[in-house]
2 protein chains.
Amino acid sequence: MPNPTIYDVARTAGVGVGTVSRVLNNSTRVSPETQEKVLSAIRVLGFRRSKVARQLSTGIQHRNIGAIMPFITHPSFVERLRGMQLALNHQDNDFNLVLYNVSEPERYHEQLLAMVEQATVDGLLIATLNVSDDQRDLLTQAGIPFVTLSDACGEALNCISPDNRHGGYVAAQHLLELGHRRVAYVGDAFPNIYGFPTSELRYEGYLSALKEYGIPYHSEYVCLGAHGEDTAHRLTEHLLALPEPPTAIFAMSDIQAVGCILAIREAGLRVPEDISVIGFDDVQLSRYIGLTTVRQHLEQSGYLGMQLLLNMLTAPDNVVARQLPPLELVVRGSTQHWSALFR
Amino acid sequence: MPNPTIYDVARTAGVGVGTVSRVLNNSTRVSPETQEKVLSAIRVLGFRRSKVARQLSTGIQHRNIGAIMPFITHPSFVERLRGMQLALNHQDNDFNLVLYNVSEPERYHEQLLAMVEQATVDGLLIATLNVSDDQRDLLTQAGIPFVTLSDACGEALNCISPDNRHGGYVAAQHLLELGHRRVAYVGDAFPNIYGFPTSELRYEGYLSALKEYGIPYHSEYVCLGAHGEDTAHRLTEHLLALPEPPTAIFAMSDIQAVGCILAIREAGLRVPEDISVIGFDDVQLSRYIGLTTVRQHLEQSGYLGMQLLLNMLTAPDNVVARQLPPLELVVRGSTQHWSALFR
DNA sequence: TTTATGAGTGGAAGCGCTTCCAAGCAGGAT
DNA sequence: ATCCTGCTTGGAAGCGCTTCCACTCATAAA
């Protein structure tokens, strides 16, 4: 028997379904002999009670909030996740947090479709992933409220996002203010495999800062590749091999900044004495290694996103927008003044 | 109406339930006018389709694997989580990973009870938390297979755990081999609020190493407190204020080791020149800051735990035990040779 | 002996959906 | 006028459980 039900158990044990249910729920009103009969039938048949039927019958409403993100590859997910959990804890309601990891970008859409078709989630937090118009319609039509975290969203109400372009500007400006003139950008290739334009936006900010400070654009100072420490490491080696290597690097994420720093050290140079490095995100790690970076309040964005979503789920008539605090330049030890005069 | 059903929608729209269902599922065989009537009724009533009823009816079996841990306070959770997700991805089955955060230890048992009563999970991964005999029975009787990660388990089949006592021994031995004689232990107070004896086991390993090397035990070198960087920081200040401060510190986790190092630096001393520090876990951070530590393969333990649980869920007749690789001493820059002769 | 009492039990109803079958109905073919 | 076809539609059955009501049968009380 593929999937025995309590009817099968009842028949095998020679009792009624009510009795089986009572045994299953540890009701005391069952004689020891009957209980033993039922338990043995359960064992024989390999019976497993259906969670869904039970929930329907008892009227328990378990609501799931899905968090979907390519988190294995993105370290910043942790901080957002922590914020989400915090918001969930603060409101004492029966929502479960279900994790969906997008391991392969091609499967992302498929995963969304499955969620809609199989009604697995009641609400969705989408982080570090783009939502196409089709996908928005799909979710809307299915009645699944969702909140986008961190990227790719215009002025949509349901989006918690920093001003990436401004962040890119701030980072580059910091380096320019320190006197650097050969400033490189290390970031993700765009258009990104997940379809979000974070790298592009920060790059645009970088460009506008250069322009404002009257620095001519050098395409060899812009190095794009896959997200991650290793790629950044490789790109930096390439930068250092240039006839006129940069004196400062703006990495689009802290993890990539780490890759840059390691490459610089391996080349026998020092950070920040020889080359300054600024990152982006301010993940926990950055504090420990003393990385100058642009703080984007990751934990808080998870927190606000969850708050907003809960708001949409529990009081859909009265959804209030959430504001992320502005980006913040955090100066630590990885950037330093530079002047051609001292060379 | 508190919770309108499709019957209510059907009545309001003046159609049959079949038609409502068809509209809900985007079946094409509904005339535009009817569809509009239904949609408006849905809007008016604020109808939301029951996920559970739908799943029961369609026979979709969504199986949930719960991961329960005090993760907001324990940074090592990330690595385990990553391992869990990896294992889930490798087996292409319909399991959801549901996160349960134990924010207050008192609520842990309550959370387990709710899971059992409300049948929310089909299997459970329990990390950094102890499972009492009562709790074991509770889960067993409810037919919820579970795997414990990392602590507190004897030789139970369903437990993935490093040999914490041996790990403590290895860490202390490393310091002793380097010539240190005044070796402190900074760890969690035990019995721990969550009921697991990690700190105690590592402490025992520390003790046995001291004994083996013939070092007398000094109770003032053993500093216990809450888990976390801040407490470790404070405890270290206390250690440094001793008339004979230790020359080496064994911190029971990398995060605590970081707290120690910061306190040492703030006291104007250097690591490892003045004081050596060894941690435990080998979280990602440790690689970047050059912390000597004992690697306990956190990611892999999450991976193996998930594998084991999936095995229990899908082939309960043929459960095979999983072996965690042995602990590994990882020597980086935070420990150094010490000899009284050079002082 | 009769009458409460209560423990143990069987089974129908119902949870809210999907789906299938039957039936209504319009319009074209015969 | 009659039949057929195909598009819409209504509604019953069923998913697997819980729970309540009704019933039986001891046993205790009268």
Side-chain angles (χ1 to χ4, degrees), chain A residues 1-39 41-42 45-63 116-120 122 142-144, chain B residues 1-39 41-42 45-64 116-122 142-144:
Chain A
M1 188 158 319
N3 263 322
T5 71
I6 58 167
Y7 283 94
D8 301 318
V9 175
R11 205 177 321 116
T12 307
V15 300
V17 287
T19 304
V20 177
S21 179
R22 260 165 248 132
V23 171
L24 251 16
N25 293 303
N26 292 317
S27 167
T28 49
R29 326 220 116 204
V30 180
S31 75
E33 310 90 69
T34 312
Q35 175 153 351
E36 188 39 55
K37 276 196 292 183
V38 172
L39 290 177
I42 287 176
L45 294 175
F47 167 80
R48 302 206 57 193
R49 170 161 65 170
S50 154
K51 187 178 63 189
V52 174
R54 190 168 180 212
Q55 287 177 348
L56 178 60
S57 178
T58 52
I60 294 174
Q61 279 296 350
H62 261 290
R63 307 183 83 187
V116 170
E117 272 167 28
Q118 305 177 7
T120 38
D122 300 279
I144 301 179
Chain B
M1 188 159 315
N3 264 322
T5 70
I6 58 167
Y7 284 93
D8 301 316
V9 175
R11 204 176 323 114
T12 306
V15 301
V17 287
T19 305
V20 176
S21 180
R22 261 166 247 133
V23 171
L24 252 15
N25 294 302
N26 292 317
S27 167
T28 49
R29 328 220 114 206
V30 180
S31 75
E33 310 91 71
T34 312
Q35 176 153 350
E36 188 40 53
K37 276 195 292 183
V38 171
L39 289 177
I42 288 176
L45 295 174
F47 166 80
R48 301 205 58 192
R49 173 160 61 171
S50 154
K51 187 178 64 189
V52 173
R54 193 173 180 206
Q55 288 177 348
L56 178 59
S57 179
T58 52
I60 293 174
Q61 281 295 348
H62 261 289
R63 308 183 82 188
N64 291 340
V116 169
E117 270 167 31
Q118 304 179 6
T120 37
V121 297
D122 301 278
I144 301 180

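Proteins come first, then strands; the chains are lettered A, B, ... in the order of their sequence lines, and each starts at number 1.
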The criterion is side-chain hydrogen bond (donor to acceptor under 3.5 Å, both in side chains); which residues satisfy it with [X], sequence neighbours excluded?
X: B:Glu36; value: none
X: A:Ser57; value: none
X: B:Glu117; value: none

Inset, instruction - Go through the steps to decide whether A:Arg48 and A:Asn3 satisfy the test side chain to side chain contact (heavy atoms under 4.5 Å, CB included), and finish with yes or no. - result: CA-CA 8 Å; A:Arg48 302 206 57 193; A:Asn3 263 322; over 6 Å; no
Inset, instruction - Walking along DNA chain C from 5' to 3', note the first and the last nucleotide with an atom under 4.0 Å from a heavy atom of chain B, and give both. - result: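 The contact span of chain B on DNA chain C goes from C:dG16 to C:dC20.
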Any base atoms under 4.0 Å from [X], or only sugar-phosphate, or nothing? Heavy atoms, all strands.
X: A:Gly59; answer: nothing
X: A:Val52; answer: nothing
X: A:Ser21; answer: base
X: B:Arg49; answer: sugar-phosphate

Inset, instruction - Could you go through the side chain to side chain contact (heavy atoms under 4.5 Å, CB included) check for A:Leu24 and A:Val20 one step at a time? - result: CA-CA 6 Å; A:Leu24 251 16; A:Val20 177; 4.0 Å; yes
Inset, instruction - Considering non-hydrogen atoms only, spot the tightest contact between B:Arg63 and A:Lys51 and give its length. - result: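 So the two residues come closest at CA-NZ, 3.9 Å.
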Legend entry - Closest heavy-atom pair and its distance - B:Phe47, B:Thr5: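 Heavy atoms only, the tightest pair is CE1-C, 3.5 Å.
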Legend entry - Expected output: side-chain B:Thr58 to main-chain B:Arg54 donor-acceptor under 3.5 Å: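 Yes.
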Legend entry - Heavy-atom donor-acceptor pair, A:Ser21 side chain to A:Val17 backbone, under 3.5 Å: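 It does not hold such a pair.
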Inset, instruction - Map A:Thr34 and A:Tyr7 onto DNA chain C by nearest heavy atom, then report which one ends up closer to the 5' terminus. - result: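 Taking each residue's closest nucleotide, the earlier one in sequence belongs to A:Thr34.
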Legend entry - A:Ile6 or A:Arg22, whichever maps to the more 5' nucleotide of DNA chain D: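 Result: A:Ile6.
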Inset, instruction - Select from B:Val15 and A:Val17 the residue whose nearest nucleotide in DNA chain D is closer to the 5' end of that strand. - result: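 Nearer the 5' end of the strand: B:Val15.
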Which pairs, protein N/O on one side and nucleotides 24-27 of chain D N/O on the other, fall under 3.5 Å?
none

Legend entry - Inter-end axis angle, the helix from C:dT1-D:dA30 to C:dT30-D:dA1, with every axis fitted to five base pairs (rounded, 10 degrees):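 Result, rounded to 10 degrees: 60°.
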Inset, instruction - Before giving the answer on side chain to side chain contact (heavy atoms under 4.5 Å, CB included), spell out for A:Ile144 and A:Asp122 the whole-Å C-alpha distance, their side-chain angles and the decisive distance to 0.1 Å. - result: CA-CA 6 Å; A:Ile144 301 179; A:Asp122 300 279; over 6 Å; no
Inset, instruction - Can you tell me the distance, in whole Å, between the CD atom of B:Glu36 and the P atom of D:dT8? - result: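 Those two atoms, CD and P, are 16 Å apart.
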Legend entry - Gap between atom NZ of B:Lys37 and atom CD1 of B:Ile42 - 0.5 Å precision: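 Separation between the atoms: 13.5 Å.
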